[in-house]
K.L.:
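After the structure tokens below, expect a handful of questions from me.
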Amino acid sequence: EVQLVESGGGLVQAGGSLRLACAHSGFSFDDYAVAWFRQAPGKEREGVSCINGSDSTTYYVDSVKGRFTISSDNAKNTVYLQMNSLKPEDTAVYYCAADVLTSFLYELEYMSPWEYDDWGKGTLVTVFS
């Protein structure tokens, strides 16, 4: 069974940094895409970043480019999201999601929450000014 467990959320001042971790099991990473999404209260779930486990291609929503970095430690079966220069508008519950690469037809789908089958329970990030 696919399992995804997020950690690393917390309270941080604007301009600070956090590193989120998604520990995964139950699948071969090189056959999957693993992505980070976030959802603020009253807002739609938004794709933040994604990594292709086969070719290591990464994707970022425009609002986090240059500030966030997604990476994978295959030995630890963990995908990370390093978040720097955090802003209050980054406040949200952050979710890790995964799906087999063969389920995607277009690059845009990597950042769509509707395309993913497996999800973690989320970790809360709160950024204050």
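Both backbone and side-chain heavy atoms feed into the values below; hydrogens, waters and symmetry mates do not. Counting begins at 1 with the first residue of the sequence.
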K.L.:
Decide if atom CG of L108 counts as having more than 12 heavy atoms of other residues, nucleotides or ligands within a radius under 6.0 Å.
P.N.:
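It does not: L108 CG has 12 such atoms or fewer within range.
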K.L.:
Taking C96's backbone N and O only, do any of them form a donor-acceptor pair with E6's side chain (distance below 3.5 Å, no angle check)?
P.N.:
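Yes, E6 side chain to C96 backbone: donor-acceptor pair under 3.5 Å.
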K.L.:
Who passes side chain to side chain donor-acceptor pair (under 3.5 Å) against N74, sequence neighbours left out?
P.N.:
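Per chain and number, N74 pairs via side chain to side chain donor-acceptor pair (under 3.5 Å) with S72.
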K.L.:
Holding to side-chain contact (heavy atoms from CB on, under 4.5 Å), I want the full list of residues that pass it with S54, two or more places apart in sequence or in another chain.
P.N.:
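Here the qualifying residues are N52, L101.
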K.L.:
If you link I, L, V, M, F, W and Y whenever their side-chain heavy atoms are under 4.5 Å apart, who else ends up in the same group as Y106?
P.N.:
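Via sub-4.5 Å side-chain contacts, Y106 links to L105.
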K.L.:
Can you list the residues that meet the side chain to side chain donor-acceptor pair (under 3.5 Å) rule with S56, with sequence neighbours excluded?
P.N.:
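By the side chain to side chain donor-acceptor pair (under 3.5 Å) rule, S56 matches no residue at all.
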K.L.:
Please check if atom CD in E44 has more than 12 non-hydrogen atoms from other residues, nucleotides or ligands closer than 6.0 Å.
P.N.:
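Open: at most 12 neighbouring heavy atoms sit under 6.0 Å from CD of E44.
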K.L.:
Please say yes or no: joined through hydrophobic side-chain contacts below 4.5 Å, possibly via intermediate residues, are V61 and Y80 part of one cluster?
P.N.:
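Per the 4.5 Å side-chain linkage, V61 and Y80 are not co-clustered.
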K.L.:
Just jot down the side chain to side chain donor-acceptor pair (under 3.5 Å) partners of E107, sequence neighbours excluded, or say none.
P.N.:
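Counting only residues at least two positions away or on another chain, E107 forms no side chain to side chain donor-acceptor pair (under 3.5 Å).
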K.L.:
Transitively linked via ILVMFWY side-chain contacts under 4.5 Å: F104 with V2?
P.N.:
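Same cluster.
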K.L.:
Report the residues that fulfil salt bridge (charged side-chain N to carboxylate O under 4.0 Å, His left out) with D62, sequence neighbours left out, ordered by chain and then residue number.
P.N.:
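Residues passing salt bridge (charged side-chain N to carboxylate O under 4.0 Å, His left out) with D62: K65.
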K.L.:
S103: which residues meet the side chain to side chain donor-acceptor pair (under 3.5 Å) condition with it, sequence neighbours left out?
P.N.:
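If we apply the side chain to side chain donor-acceptor pair (under 3.5 Å) test to S103, skipping adjacent residues, the hits are D99.
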K.L.:
Minimum heavy-atom separation for S17 and Q82, please, with both atom names.
P.N.:
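Closest approach of S17 to Q82: CB-NE2, 4.0 Å.
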K.L.:
So, using ring-ring contact (aromatic ring centres under 6.0 Å, His included) as the criterion, who are the partners of Y59 when residues are at least two apart?
P.N.:
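Y59 satisfies ring-ring contact (aromatic ring centres under 6.0 Å, His included) with Y110 once adjacent residues are dropped.
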K.L.:
Donor-acceptor pairs under 3.5 angstrom involving side-chain atoms of residues 18-33: please list them, not counting sequence neighbours.
P.N.:
unit_1, atom_1, unit_2, atom_2, d
H24, NE2, N77, O, 3.4
S28, OG, D30, OD1, 2.6

K.L.:
Using the test side-chain contact (heavy atoms from CB on, under 4.5 Å), find all partners of T58 that sit at least two apart in sequence or belong to another chain.
P.N.:
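Result, side-chain contact (heavy atoms from CB on, under 4.5 Å) vs T58: I51, Y60, I70.
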K.L.:
Would you give me the side-chain donor-acceptor pairs under 3.5 Å for residues 35-42, sequence neighbours excluded?
P.N.:
unit_1, atom_1, unit_2, atom_2, d
R38, NE, E46, OE1, 2.9
R38, NH1, D90, OD1, 2.9
R38, NH1, Y94, OH, 2.9
R38, NH2, E46, OE1, 3.4
R38, NH2, S63, OG, 3.4
Q39, OE1, R45, NE, 3.2
Q39, OE1, R45, NH2, 3.1
Q39, NE2, K43, O, 3.0

K.L.:
Identify all side-chain donor-acceptor contacts of residues 118-129 below 3.5 Å with residues at least two apart in sequence or on another chain.
P.N.:
unit_1, atom_1, unit_2, atom_2, d
W119, NE1, Y116, O, 3.3
T123, OG1, G9, N, 3.1

